[in-house]
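Numbers here simply count residues along the sequence, with the first being 1. All values below come from the heavy atoms of this structure, side chains included, with hydrogens, waters and symmetry mates left out.
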Amino acid sequence: FGVIAVILKIIEVQLKNRSKRLVIAMCLESCWIIYFLLCGKLTACITCLVLVIQSLIFLQRENHKWADSLFWLFFFLGIQLGICVWNVLSGEGVLVLLSVFAGIFATLAYFVKNDRLYRCFMFISLSFWVANSVVGTFFTGSSSRLWTALVSDVFGTTSAIIAIIR
């Protein structure tokens, strides 16, 4: 699932069509949900689930007036912040918040219609995912390693940089 997500993320960031990007994003986030469940990373899994649901709604922005409302941006940012507060209060640790910050910037990326702004927000989001994967792979005492996620995040970040420059 992680390998499929790697390939899809590289494709997503390079696409110029917003609708196609969102469809690809839903597919790759679904792969990450399964991957993070198997790795026991519940917060990252929940963050990805939120990204799938919001992509479904953001995909409707061009076709339905209800979906084009700023309400949805603030609604999904609120959910991401709620996950953040929940993590802090439940004692899961500050490091797990990296996936939440990644989700916040991904929410902004998927909401905007400007391609360059999308890529800039996505670069920031992917940078947080890289940090999350590095911490999960090298600095936690857990037995789960996030090698595939780390490779994906590095490739995705590199793809975003290329897309911004291009």
Would you say [X] and [Y] make side-chain contact, with heavy atoms under 4.5 Å?
X   : Y    : answer
L73 : L108 : yes
E12 : L22  : no
V3  : Y35  : no

Legend entry - For F111, ring pair (Phe, Tyr, Trp, His ring centres under 6.0 Å) partners two or more places apart: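 For F111, the residues satisfying ring pair (Phe, Tyr, Trp, His ring centres under 6.0 Å) (neighbours in sequence not counted) are F58.
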Inset, instruction - Please assess L51 against W32 for the test side-chain contact (heavy atoms from CB on, under 4.5 Å), listing each intermediate value before the final yes or no. - result: CA-CA 11 Å; L51 293 174; W32 284 128; over 6 Å; no
Inset, instruction - Using the ring of Y118 (Phe, Tyr or Trp, six-membered ring only), decide whether R21 places NZ or CZ under 6.0 Å from its centre and within 45 degrees of its axis. - result: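 Yes, R21 and Y118 form such a contact.
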Inset, instruction - Consider only side-chain heavy atoms of I, L, V, M, F, W and Y, link residues closer than 4.5 Å, and tell whether I162 and L28 are in one cluster. - result: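 Different clusters: I162 never reaches L28 through Ile, Leu, Val, Met, Phe, Trp or Tyr contacts under 4.5 Å.
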Legend entry - Same cluster (ILVMFWY, side-chain, under 4.5 Å), I33 and L56: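 Looking at the clustering, L56 is in the same group as I33.
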Legend entry - K20 atom NZ: more than 12 heavy-atom contacts under 6.0 Å: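 Incorrect, the count does not exceed 12.
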To the nearest 0.5 Å, tell me how far [X] [atom1] sits from [Y] [atom2].
X   : Y   : atom1 : atom2 : value
I79 : I46 : CD1   : CD1   : 11.5 Å
S69 : I57 : OG    : CD1   : 10.5 Å
F1  : C31 : CZ    : SG    : 6.5 Å
I24 : Q14 : CD1   : CD    : 12.5 Å
S30 : L8  : OG    : CG    : 10.0 Å
S19 : Q60 : OG    : CD    : 9.0 Å

Can you name the nearest heavy-atom pair linking [X] to [Y], along with the distance?
X    : Y    : answer
G103 : T47  : CA-CG2, 3.7 Å
R18  : Y110 : NH2-O, 3.0 Å
I104 : Q80  : CG1-CB, 3.4 Å
I164 : R116 : O-NH1, 2.8 Å
L126 : V13  : CD1-CG2, 4.4 Å
I83  : V50  : CD1-CG2, 4.1 Å

Inset, instruction - Verify side chain to side chain donor-acceptor pair (under 3.5 Å) between Q54 and T107, making sure each step is shown before the conclusion. - result: CA-CA 8 Å; Q54 78 183 19; T107 296; 2.8 Å; yes
Inset, instruction - If the plane angle is over 60° it's perpendicular, under 30° parallel, otherwise tilted; pick one for F105 and F121. - result: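 F105 and F121: tilted rings.
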